[in-house]
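What follows is a set of notes on a single structure, which appears directly below.
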Amino acid sequence: MKQSYYPQEIEKKWMKIWEEKKVFKTDNNSDKPKYYALSMFPYPSGKLHMGHVRNYTITDVIARFKKANGFNVLHPIGWDSFGLPAENAAMKHNADPEKWTDENIAYMTQQLKMLGLSYDWDREVTTCKPDYYKWTQWIFLQLYKKGLVYKKEAAVNWCPDCGTVLANEQVIDGKCWRCDSEVEKKYLSQWFVKITQYADELLKDLDLLKGWGDNVKTMQANWIGKSHGAIFRFPVVDAPSGEKMEVPVYTTRPDTVHGITYLVVAPEYKDIEKLTTTENKQAVEEYRANARKMSEIERLSTDRTKTGVPLGTHCKNPFTGEIFPLWTADYALVEYGTGAVMAVPTHDTRDFDFAKKYNLPLKVVIQNPEHPSTCETEAYVDEGVLVNSGEFNGMKNTEAKKAITQKAVDEGFGEFKTQFRLRDWLISRQRYWGAPIPVVYCDKCGIQPVPEDQLPVLLPKDVDFSVVGKSPITTSPTFKDTVCPCCGGHATREMDTMDTFICSSWYYLRYADANNDKECFNKDIVNKWLPVDQYVGGIEHAILHLLYSRFFTKALRDCGLLDFDEPFANLLTQGMVLKDGSKMSKSKGNTVDPDEIFENYGADTARLFILSDSPPARDFDWSDAGVEGCYKFLNRVWRLVSSNAENISPCHSELVSGSIQNKDNDDLVRTVHMAIKGITNDITNEFQFNTVISKYRELVNAIYDWQGKKSDLNDEDKNVLSFAIVSMLKLMSPVAVYLTEEAWHEIGGEGSIHDQAWCKWDENLAKSSSITLVVQVNGKVKDKIEVDAEISKEDMEKQALNSEKVKALTDGKTIVKVIVVPKKLVNIVVK
RNA sequence: GGGCAUGUGGUGGAAUGGUAGACACGCUAGUCUUAGGAACUAGUGCGCAAGCGUGGGAGUUCGAGUCUCUUCAUGCCCACCA
C-alpha cells in the first residue's frame, strides 16, 4: 500500500482516463436544470500564468460543485487568438502567426488538461480559425445592415518613423513601442460600431445585473457617463463672411449662463475657419496645426497649463445681450457635446485657469449667501443662489438650471439635453492578424458588403511579415483585387482587420452551439444555455470586454438572433496574483511557472493553494511556504485514506446519531454534518473557497483526533469512519480532483467520484451536543460555562448568575438587566 | 481632481451586532529517526499583572471588527467630458 502520495504518477493516469472517456462532455438535451459556468477565455500567449490558474480553478470548482448538485453544466474553453503578440512574433521571425498561435494553443491545452479542468473540449472555440471568424464577419454584416456599423474619418495613433498606425496598447507614454519616437495623431477613414445607440439601455440595464459587483457597475456607469444639461445657441455677431451663424454649446450648468465671459471651440471644431477673422487667421492656424501634431497623452495631461488663441469674432448672450469673444483652446474636446464650451470662469475651475492666464473678465453669478466670494482666487463651484442674473436673482441654482433652460426653450435658442461620454467604438486595425472586415470598394458602386455566401473572407497567406511601415496584409499579391458583388467590375478589398474585442464579444454564445457550420449559433440552443450563470475573470475587463459583450447581446437580440437582454447574470472579478506584494510580471522577475508547481507538487496542490489563502475577489499573495503547506496537507489526507483503506466501505449506511452508542463516534458524525453544511454554504454564498479549505482542514484534523482515541475498530467505528472519509472525499473532490479520484478507487468506490452526488446534511446533527455559554458582565466576557446544547433561556440565566466569577463582580451591586441570547451568551448589566 | 476598494497578531486571513484572531504559514520546545527541509506532540495577539487590544477620533447599543458620522493611510480605475 502506498504510504505517500505521488501526484505526478496519479495525475497523469487520471488525466488520460478522463480524456478518453470524455467524462466532462455536456449534453445539450439533458432534462436537468442548466448551469453555464464560464471563465474569460485566454489569449494563447505561450504558457499559462498563475492568474490563469486562479481564474480557471475558481470556475472549475463552481462547475463541479453545480454538477454534483444535479445541474447540467456547460463549462467550455477556447482561445482569444487574434492579436498583436502573434503578429509581432511573426514579424520578428518572418513566420506565419498562425503557426505561432497553434503551437501556443497546443502547449497551453496540455497545461489546462494537466490542471484537471472539467472542460467539454468538443466545444473548443478558436477565434482565429475560419470556422469562427466566418461568423464574426457574418455578424459584422448584420450590424452593417442594421446601420450599427459605419465609416468615418477619425484620429488614430500614428508613428511617423515606422509609417504605421499603432493600437492604443502600442503607445507607451506617448511614444512608439518599437522605435520610441513621439506618436502623432493622424486622420484616417475608419470603421465604427455605433455602441452609443445603446448607451441608455446599457446604463439602465445595469440595474438588472444583481449578480455583479457594484464596483464594476459603477465603472461602467461612469464610462457611459450620462449627464443632464442644456444646449444653448449663441448667435455670432460679426462672422467675417457676414452670414448669420450661431455656436451651440452643451452645458451641465445652465444656471451660470449669465456669467459667460467668453466661449471656447475645439481646435477641430467644424466651423472654426468661418469663425476666424483675417487678422487672427495665422495664429489660429498655427495653434490648430500644433494641436493636431500633439499626442493624445500630451494633450490630455492635466498638469499642462491651458493654451488657446482668440478667433477675433464674437457672440451675443441672448440672456443678457452681452457680447463676448470666441476663442479656440484644446481643453474643449471636439467629440464631446457640441465641441464648444460656454466659459464661466467664476464657476468652473478649468475656465477660471484659462481666464486668469489670458486676462479674461470674471462675473460672479452664484453665491453662497453666508460666505460670498468674489471668485478672485478660485472658482466657486458649489451650490448657491443666483446674483447678477436678472429675473433669476435670488433663485437657488438647482432650480435655476431648469428655469433658465426652460426660458431658452420658450424663446427658441436652447433645449434640454442628455449627453453621454461613451463614444462609438473604433474597430478598424491596420494589422494582419485579425478577422478581415468583409467589405469591398468598387470604383462605381462604392462601399459594398461581401455577400454572405462568399464568407469567410480568408486572411491571405502570401504575405511578407518583414515589412516595416505598413500592414503585412497589404503585401499580398492576391488579396487586394477582387470583383464587385454589385456590378461585377473591379473592386478592392478592405485591408483593415477587426479589433479583437469584436471576436471576444460573442464567443460565449458560440460555445452553446460550437460546431454549427450553418449558422453562428442556433437560436433555441443559445436561448436555452444563456445567460451565463457565472462569469469569472479579471477586473481589468470591467469596462471594455464586458461592455462590448453586453452591447453585442443587445444588438444581436435586435437582429432577431437571440431573446435575452444581458449575457452574464453573475460576475465574479477575481483579484490579481501577487508575489512579494506586487503583481507577477516578467519584468519584475517575480513570476512562478505553473509547470514547475505541477511537476514538483502536482496540480491538486496548485488548485488547493490558489484557492486557500484569500477570498477570490481579493488579491492573492503567492508564497512558496504556502504551496509546501498545501502539499503536506494533501499527503496527510492521503495517509488518512490509505492507512484505513481496508476499514472503509464506500457504501456506508445512513447514520443517525440516536443509534450511535459511542460519544466519540457521535461527535465525529456531528462534525462531518457541520462540515458538509459549512462547506456547502461557503461555496453557495460568494464562493468563499478560502474558508471552504479551512473547513477541509478542520474535518481532517477531527478525523485524526478521533483516530487517536481508537485502537481496535468495531463495526460502529468502521461505519462512522467510512462515513467521515467518504464525505471528506466528496467534499474535497471539486478541488483536489486527482487525489480524491485515486482515493475513491483505493477504498473500492465504483465509477468516478466526480459523478457522485453532493453530500447532504441533517440540520439536527449539524451542531455539537454541548455549547459554551459565554457570561458577560457589562458587555465584557467574565466566564465560560460548558452546557448542554438544548439548554433553556431560564437555565442559562440561572447558571450565569450562579457563576462564582460573576458573583464576585456583582456582589453589592444592583443588577439592572440580564440579556440572554439563546444558546450563546448571557450579559448581566450591573450598576 | 473624480470614483471604487481595503485597513484585524510576525505573515495570509476567520468572525448572521453576541467568546476577536477560526484555519494555515512562521516561530519555540520536545518525540521518533543515521539524518531531516518528513511525521507526530505541546506552545505561540500584547502585557509580570490588574488589564489592553481590529488605522485614529466621536456616536448608536446591554453588547461594535461589524452599524452611523468624521479623520488618516494604502491600493486600483478613470481623468480638461463643459
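Treat the numbers as computed from the prediction; the structure is a model and nothing was measured. Side chains are part of it too, since the values below use all heavy atoms of this structure and drop only hydrogens, waters and symmetry mates. Labels below follow one simple rule: chain letters A, B, ... track the order of the sequence lines, proteins then strands, and each chain is numbered from 1.
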Partner lookup for [N], please. Criteria are Watson-Crick or G-U wobble with both distances under 3.5 angstrom; report none if nothing qualifies.
N	answer
B:G17	none
B:G51	B:C46
B:G3	B:C76
B:C23	B:G12
B:A58	B:U68
B:U41	B:A29

Electrostatic pair [X]-[Y], nearest N-O below 4.0 angstrom:
X	Y	value
A:K363	A:E322	yes
A:K226	A:D200	yes
A:E415	A:R233	yes

Reading nucleotides 57-66 of chain B from 5' to 3' and marking B where a protein heavy atom lies under 4.0 Å of the base, S where only the sugar-phosphate is that close, and - otherwise, the string is -----BS---
Scoring nucleotides 2-14 of chain B by protein non-hydrogen atoms under 4.0 Å (B base, S sugar-phosphate only, - none) yields -SS-------SSS
Side-chain atoms of A:L825 come closest, of B:G18, B:C25, B:C23, to B:G18
Among B:A82, B:C23, B:C78, the one nearest any side-chain atom of A:Y336 is B:A82
query: Would you say the base of B:C23 and the side-chain of A:K695 have a donor-acceptor pair closer than 3.5 Å?
result: no
Can you tell me, in whole Å, how much space there is between the [atom1] of [N] and that of [M]?
N	M	atom1	result
B:G21	B:U44	P	12 Å
B:U8	B:A42	P	30 Å
B:G43	B:G9	C1'	15 Å

Under 6.0 Å between the ring centres of [X] and [Y]?
X	Y	value
A:Y358	A:Y262	no
A:Y548	A:W425	yes
A:F319	A:F234	no

Do [X] and [Y] pair up side chain to side chain, a donor and an acceptor below 3.5 Å, judged on atom types alone?
X	Y	answer
A:T338	A:Y269	no
A:E378	A:T349	no
A:W212	A:D214	no
A:N644	A:R639	no
A:R618	A:Q574	no
A:N600	A:Y631	no

If only atom types and distance count, is the side chain of A:N397 paired as donor or acceptor with the main-chain N or O of A:G384 below 3.5 Å?
yes
Mark yes or no for whether A:T256, through its side chain, and A:V344, through its backbone, hold a donor-acceptor pair below 3.5 Å. no
Please tabulate, one pair per line, all N/O donor-acceptor pairs under 3.5 Å involving side-chain atoms of residues 687-694 of chain A, not counting sequence neighbours.
from	atom 1	to	atom 2	distance (Å)
A:T691	OG1	A:D682	OD2	2.8
A:T691	OG1	A:Q688	O	2.9
A:S694	OG	A:T691	O	2.9

For nucleotides 36-38 of chain B, tabulate all protein N/O to nucleotide N/O atom pairs closer than 3.5 Å, reporting atom names and distance.
from	atom 1	to	atom 2	distance (Å)
B:A38	OP1	A:K632	NZ	2.6

Could you check whether [X] gets within reach of a base, just the sugar-phosphate, or nothing at all, counting any heavy atom under 4.0 Å?
X	result
A:V781	sugar-phosphate
A:A340	base
A:S227	sugar-phosphate
A:N701	sugar-phosphate

Test item: A:V61 and A:R607 side chains (from C-beta on) under 4.5 Å apart, heavy atoms: yes
Walking RNA chain B from its 5' end, the first of A:V774 and A:I539 to be reached, judged by nearest nucleotide, is A:V774
RNA chain B nearest-nucleotide lookup for A:F633 and A:D351: closer to the 5′ end is A:F633
Show each protein N/O and nucleotides 41-46 of chain B N/O combination with a separation under 3.5 Å, one pair to a line.
none

B:G9 glycosidic conformation (syn if within 90° of 0, otherwise anti) is syn
Ordered by number, residues from residues 413-424 of chain A within less than 4.0 Å of RNA chain B (heavy atoms) are A:R421, A:R423
- Query: Can you check salt bridge (charged side-chain N to carboxylate O under 4.0 Å, His left out) on A:E268 and A:R288, steps first, answer last?
  - Reply: CA-CA 7 Å; A:E268 304 86 356; A:R288 294 179 68 205; over 6 Å; no
